[in-house]
Amino acid sequence: RPGWNHADSFDTLVAGRGSADDVLAGAAARARRSIAVGQSVIKVMLCDDHALIRRGIRDTLSDAPDIEVIGEAGDYGELRGLMRSLASGEAGRATGCDVLVLDINLPGRSGLDVMHVLKDEGSAVKVLVVSMYPEDQYAIRALRAGAYGYVNKGSDPQLIVQAVRT
């Protein structure tokens, strides 16, 4: 809305007319609307078996006005179902995904296996691997398997934002 500023959000919060989450959600929505015409939003899917990690990554990425998290999965089966539904545009969802943020250690099937499947299918999605393992152990293997990047889960949260953008 015209004339909106941080003080308005603070006044709303203090006056009890909204929660901190409401204020932050409104600020994120306004930031998304303010993206320059013609600049595209990066659509991201998350795949990690730990819900707490997914939430932290989702919240970090959602603060960026040019990034939209369009889906989350906890394992390979959920990821495949999500990718199928997004590709077909089911349930009114936006089609396509630009970046898949993928944990390397998933139950049942490793992130490296997932990347091989995506590569064999000719998928255009760019994979950013996130892992608790040190870069010297898995980064080279992930890049060889087709990952566009590797971020350690212990890194600064803004590093994942930068990695998704590149």
Over all atoms of both residues, closest heavy-atom pair of Leu112 and Ala145 | CD2-CB, 3.9 Å
Roughly how far apart are Leu106 CG and Glu78 CD, rounded to 0.5 Å?
-> 10.5 Å
Below 4.0 angstrom, N of the basic side chain to O of the carboxylate: do Arg54 and Glu72 qualify?
-> yes
Out of curiosity, Ser110 OG to Asn105 CG, how far, rounded to the nearest 0.5 Å?
-> 8.0 Å
Determine, using the 4.5 Å side-chain heavy-atom cutoff (strictly less than), whether Ile140 and Val127 are members of one ILVMFWY cluster.
-> no
Kindly work out whether a path of hydrophobic side-chain contacts (I/L/V/M/F/W/Y, heavy atoms less than 4.5 Å apart) joins Met132 to Met115.
-> yes
Does the Ser123 side chain pair with the main chain of Lys119, one donor and one acceptor, at a distance under 3.5 Å?
-> no
Closest approach of Ile104 to Ser131 (non-hydrogen atoms, all atoms of both residues) = CG2-OG, 3.3 Å
Give the cluster check for Ile57 versus Tyr148: same hydrophobic cluster or not, with ILVMFWY residues linked at side-chain heavy-atom distances below 4.5 Å.
-> no
Salt bridge Glu68-Arg58, side-chain N to carboxylate O under 4.0 Å = no
Going by heavy atoms in the side chains, are Val117 and Arg109 under 4.5 Å from each other?
-> yes
State the CD-OH distance between Gln137 and Tyr150, to the nearest 0.5 angstrom.
-> 7.5 Å
Gap between atom CG of Asp103 and atom CD1 of Ile53 - 0.5 Å precision | 8.5 Å
Test side-chain contact (heavy atoms from CB on, under 4.5 Å), reference Ile42, set Asp98, Leu61, Val69, output is Asp98
Hey, what do you get for CZ (Arg55) to OG (Ser62), rounding to the nearest 0.5 Å?
-> 10.5 Å
Close side-chain approach of Val151 and Val129, heavy atoms under 4.5 Å = no
Where is the tightest heavy-atom contact between Ala64 and Val161, given as atom of each residue plus distance?
-> CB-CG1, 4.1 Å
From Lys153 NZ over to Asp48 CG, what is the distance, rounded to the nearest 0.5 angstrom?
-> 3.5 Å
Of all the heavy-atom pairs spanning Ala73 and Leu79, show the shortest one and how long it is.
-> CB-N, 3.4 Å
Between Lys43 and Val99, is any pair of side-chain heavy atoms under 4.5 Å apart?
-> no
Is there side-chain contact between Ile160 and Val101, with at least one heavy-atom pair below 4.5 Å?
-> yes
Spell out, yes or no, whether Tyr133 and Val114 are grouped together once hydrophobic residues are joined by side-chain heavy atoms under 4.5 Å, including indirect joins.
-> yes
If you group Ile, Leu, Val, Met, Phe, Trp and Tyr by side-chain heavy-atom gaps below 4.5 Å, do Tyr76 and Val125 land in one group?
-> yes
